[in-house]
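Whatever order the structure lists them in is the order used to number ligands and atoms, beginning at 1. These numbers come from the heavy atoms of this one structure, side chains and all, not from hydrogens, waters or symmetry mates. Computed from a predicted structure; not experimentally measured.
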Amino acid sequence: PSVQCSSAGGVAADPYCLLSSCQETQNNAAESSVQMVPSSKDTSFTETDFKSLVNRYCQKTRRSHSYVEVKKDGPSHIPHFFYKLIIDNKEYPVGDGKSIMEAKQRAAELAWSALQEQPDWDSMLSVFDQLILLHFCINNSVAVHRFTSEFEPLERLGKGAFGSVYKVRDKKLKIEYAVKVGCYKEKSLREVRTLSDLFHRNIVRYYTFWMQDTGYEWDLRDDSYDSYASSHHEGNSESKFLYIQMELCAKNTLRDWIDEKNKESVQDSKRREESLRIAQEIVCGVEYIHSKNHIHRDLKPANIMFGVEGEVKIGDFGLVTSDDDDEERTVCKGTPSYMAPEQRSERKYNRKVDMFALGLIFFELLWKLSTGYERAKIWPDVRRQRFPEEFSVTFTKEKQIINSLLSEKPEDRPDASAVKAELEEWTRIFNSHKASCQENQTV
Ligand SMILES: Nc1ncnc2c1ncn2[C@@H]1O[C@H](COP(=O)(O)OP(=O)(O)OP(=O)(O)O)[C@@H](O)[C@H]1O
């Protein structure tokens with residue numbers, strides 16, 4: 001980044017110029033600090049994080065600060081935001097932007113500029129504090145911000161144990177994607193490694209990943225972005241954030257689909273037909289995952305999404321592992337209510353844990369459970385292959401498949417290819433039966 005300092009007193013908005021008005025020795029220190037900016041840094045994504053800078057400044061000078069929304073303009077699908085920064089009851093100019101984050105950044109930039117024009121600017125911070133701020137600018141504010149440089153964050157889609165998932169638009173391509181942001185741990189690369197190995201219609205498509213020094217937190221209510229980024233940095237300057245760019249799926253997961261269906265008054269044949277289609281697609285995805293020697297380990301409706309054509313997309317590979325028979329596993333990884341019995345208690349298990357979860361998902365797809373209470377009551381029985389009477393009568397064939405998937409012993413559970421074949425055959429029979437019924441009705 002270019003370093004252009006104005007002469008004593010009036011310091012330019014560039015945060016590197018913090019020390020430009022100090023005495024000569026301090027000036028030298030500043031110059032040498034400025035030279036600390038690595039020349040090899042990829043400046044194409046460089047931007048100054050004024051929000052973090054103002055936050056740091058306020059912490060150092062013990063000032064209170066808050067962002068206040070001034071107004072929101074434009075149509076609801078492309079709103080334009082206006083924010084101002086108030087520091088110790090003093091208001092600074094209004095900044096605007098296409099997102100709240102952008103407007104706050106702009107407001108912080110304007111406030112930062114104004115702050116430096118104050119006559120007592122130099123005396124407000126000790127030289128030491130100025131150096132700390134400068135160091136902060138160099139190490140954080142100008143770190144590569146690939147996420148916000150390449151993408152425009154549009155909304156937060158969800159939050160899980162690993163981090164948050166954002167809907168974003170690629171600024172150049174104008175294409176929307178999902179980007180998952182979380183704290184980097186060696187384990188989290190497992191998801192990236194697996195996703196990059198998988199290419200299938202029923203699996204969330206992975207594009208790329210990268211690491212950044214800064215995290216990103218979308219929070220409309222407060223400024224948790226600042227504390228999120230700085231708290232990770234203060235405690236551990238080595239901490240990194242992992243960004244995973246994926247295909248964007250529909251907002252509603254299979255969990256939402258099931259919940260919606262459960263609100264309908266009757267258990268209709270359309271639900272059965274759609275459930276069979278969804279079940280087939282899930283099993284196709286699982287067959288593929290297993291063919292690549294992976295175990296998903298956390299199959300559940302909340303981790304199953306839909307693509308643009310309504311096709312099933314299996315996601316959240318955070319617990320994926322390789323299906324190596326000899327490997328010792330961590331007990332109780334996954335979501336307890338969908339876990340196979342051996343996954344809850346044993347160190348050795350295999351891909352058949354996914355088949356158990358599939359059995360439970362198939363049951364939930366088909367059977368209307370009106371309340372959480374009803375679900376809680378019935379669930380332990382279903383896990384032990386005990387089904388409601390009416391379910392067994394209405395869904396004879398499906399019950400047979402689900403029953404085999406919920407076998408206590410993993411070796412008694414069919415593999416994905418066998419279930420796929422059975423489901424295909426049953427769907428064919430079911431659809432032709434339905435077509436002939438409809439024909440009889442019209443005649
Ligand atoms: N590719 C995507 N497109 C659209 N929404 C997504 C996408 N990936 C994830 N989401 C949404 O974000 C939410 C959280 O994602 P995900 O479950 O992968 O995060 P996580 O931190 O790994 O969660 P978990 O606690 O389940 O491990 C999901 O429930 C889903 O609603």
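Annotation: ligand 1 has protein neighbours Leu157, Gly158, Gly160, Ala161, Phe162, Gly163, Val165, Ala178, Lys180, Val204, Met246, Glu247, Leu248, Cys249, Thr253, Ala302, Asn303, Met305, Asp316, each with a heavy atom less than 4.0 angstrom from the ligand.
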Report task. Given ring pair (Phe, Tyr, Trp, His ring centres under 6.0 Å), test Phe241 with Tyr216 step by step and report yes or no. Result -> CA-CA 9 Å; Phe241 294 87; Tyr216 182 84; over 10 Å; no

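A heavy-atom distance below 4.5 Å is not found between the side chains of Lys368 and Glu374.
Summarising the geometry, atom CG belonging to Leu110 is positioned 9.5 Å from atom CG belonging to Leu85; distances are rounded to the nearest 0.5 Å. Atom CD1 in Ile314 sits 6.5 Å away from atom CG in Asn202 (nearest 0.5 Å).
Note: Trp367 and Phe395 have perpendicular aromatic rings, judged against thresholds of 30 and 60 degrees for the angle between ring planes.
For the salt bridge (charged side-chain N to carboxylate O under 4.0 Å, His left out) with Glu247, the lone residue among Lys313, Arg201, Lys180, Arg205 that qualifies is Lys313.
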